[in-house]
Enquirer: 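Quick one: this structure, given as structure tokens, is what I'll be asking you about.
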Protein chains: 2
Amino acid sequence: MQLALATAGLVPALNAGPVPVARLRPDGAETGARRRFEAEEEIYAEGDRVIHFYKVVSGAVRTYRLLSDGRRQIDGFHLPGDIFGLEAGTERRTGADAVIDTTLTAYRRNDRDALTDEVGALAQEVVAAMLRALERAQDHMMLLGRKSAKERVASFLLALAERAGTEGLIALPMSRADIADHLGLTIESVSRTLTQLERDGVIALQAQRRSVVVQDMPALRRLDG
Amino acid sequence: MQLALATAGLVPALNAGPVPVARLRPDGAETGARRRFEAEEEIYAEGDRVIHFYKVVSGAVRTYRLLSDGRRQIDGFHLPGDIFGLEAGTERRTGADAVIDTTLTAYRRNDRDALTDEVGALAQEVVAAMLRALERAQDHMMLLGRKSAKERVASFLLALAERAGTEGLIALPMSRADIADHLGLTIESVSRTLTQLERDGVIALQAQRRSVVVQDMPALRRLDG
DNA sequence: CGCCTCATTGAATTTCGTCAAATGTGGTGG
DNA sequence: CCACCACATTTGACGAAATTCAATGAGGCG
């Protein structure tokens, strides 16, 4: 919590969203730009040495931390276009898994180090990604610290809807357990809350309850805060 | 939640801790390098235009977000040496107040913009500060999402102890309400938990209950997780 | 000295978690 | 193609933790 990471090259868990990261050149040589992961496959684990950071091409990734007794907190889901895996130190503080079959582009951590010495737009992009990650973290702290179960689920669905950009149909690639560990709830509470939102006519659950149609967007927004 | 802040110059709420930010040159001209704030005085408000970012010289600062009904989440307390006030967009997403009488050094937001174009060590420092802020945010999300009241208070005290560096005596410059809004609890729960820790012989409360002596550090660490 | 704020303490309530069971779904193999 | 199995999700009953409501106590300031 207070290591002298100083001016070390670095990079934390973050996501870029609509930030233009297209100019990031994949490192083709040593890393193999593209890497595929199957559903539930580990991308890296807490404690691993930091070598790469990643951009999601397709699929979905969760980054998380664990307590010694197994409690898990998923700090974020990373969808296509998002950057994650930036880390301050040389060692992973979070783990990352593919939620479903996923394709990533890997960048060498050193590309990041070189950044600050260049006039590159790359630096701008990565910095922007970091700042966006921090904004999301702030939003999520508000959610975890001050919102009710219903508000948490509503916020989550709204955030997914915005990110996916899909008007109407929201895909839920992750399990109820993943959602619960993201929202600071139990799977039962997530399930109950979704059921209740459905009964209230705010949403409709479809396709084995793995996707959601928002039927009353204003109501959903009102539930959020 | 998804504005195209793109490559805009930017800066989020963060703290630097032990990161060497000494080289930051205070902007003496327009901003007046040093600024003093009284206890409870507002430094900036949500929605304000972003002009400066700050380093704490003395005192303590809280940065927070509000929900429309008044619920508040304090995302961090900033102590001497910490940098805060970096923001992604041009508008404040968080508010900031002095908790007690406080002295800050103000830097122009533009200094940050210039950063990425230079080979400056300044860039390194600010990037390091951002990454540290993200690490703290991750720790705090774990706390808010998965820890009990007792664990939250224990974590909080431990974090304060580490940051202050004062072995033994921990000053609590902030009110119970501030602590509660940081830990996602009510003031009553904070108070009850402190009292219980005291009864258990883990800590001793002193000086109008505004400072704490850790009497059983191992026990406190065990409570944390 | 008395007011005002902050902190503590107590009792009742609520929300969410825990434990348990039923339902549903997909996959596997006969 | 169908039966069975493993697992995820839902639902229900109950319990625990934290909040809410309310009152008391302790200092600081005028």
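Each chain gets a letter, A, B and so on, in the order the sequences are listed, and its residues count up from 1. Treat the numbers as computed from the prediction; the structure is a model and nothing was measured.
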Enquirer: May I ask you to evaluate whether Q208(B) reaches the phosphate of dC6(C), defined as a side-chain N or O under 4.0 Å from OP1 or OP2?
Expert: no

Enquirer: Looking at R93(B) and E135(A), is there a salt bridge between them, counting it only when a charged N and a carboxylate O are closer than 4.0 Å?
Expert: yes

Enquirer: Give me the atom names and distance for the closest heavy-atom approach of P173(A) to I100(A).
Expert: O-CG2, 3.8 Å

Enquirer: In whole angstrom, what separates D69(B)'s CG from dT20(D)'s C1'?
Expert: 15 Å

Enquirer: Could you go step by step and tell me if R163(B) and D82(B) meet the salt bridge (Lys or Arg N to Asp or Glu O under 4.0 Å) rule?
Expert: CA-CA 10 Å; R163(B) 289 170 68 182; D82(B) 290 348; 2.5 Å; yes

Enquirer: So what does L185(B) touch, heavy atoms closer than 4.0 Å: a base, only the sugar-phosphate, or nothing?
Expert: sugar-phosphate

Enquirer: For dT11(D), does OP1 or OP2 lie under 4.0 Å from any side-chain N or O of T195(A)?
Expert: yes

Enquirer: Output the rounded distance in Å from CG (L183(A)) to C1' (dG17(C)).
Expert: 15 Å

Enquirer: Regarding R92(B) and the six-membered ring of Y44(B), is the cationic atom NZ or CZ under 6.0 Å from the ring centre and inside 45° of its axis?
Expert: yes

Enquirer: When you compare the side chains of R65(A) and T94(A), does any donor N or O come within less than 3.5 Å of an acceptor on the partner?
Expert: no

Enquirer: Nearest whole Å is fine: how far is dA7(C) P from L172(B) CG?
Expert: 10 Å

Enquirer: Could you check how far CG of D181(B) sits from P of dC6(C), rounded to whole Å?
Expert: 13 Å

Enquirer: Want to settle it: does E188(B) or S148(A) sit nearer the 5' end of DNA chain C, counting the closest nucleotide to each?
Expert: E188(B)

Enquirer: Please tell me if R192(A) has a side-chain N or O lying less than 4.0 Å from either OP1 or OP2 of dT10(D).
Expert: no

Enquirer: Nearest-Å distance, CD1 (I187(A)) to P (dG17(C))?
Expert: 11 Å

Enquirer: Hey, which of these two, G184(B) or R210(A), hits DNA chain D nearer its 5' end, going by closest nucleotide?
Expert: R210(A)

Enquirer: OP1 or OP2 of dA8(D) less than 4.0 angstrom from a side-chain nitrogen or oxygen of S175(A), does that happen here?
Expert: no

Enquirer: Report the distance from atom CG of L205(A) to atom C1' of dT23(C), rounded to the nearest whole Å.
Expert: 15 Å

Enquirer: Has R209(B) got a side-chain N or O lying under 4.0 Å from the OP1 or OP2 atom of dT8(C)?
Expert: yes

Enquirer: To the nearest Å, how far apart are L194(B) CG and dA18(D) C1'?
Expert: 15 Å

Enquirer: Rounded to the nearest angstrom, tell me the gap between atom CD1 in I179(A) and atom P in dT9(D).
Expert: 8 Å

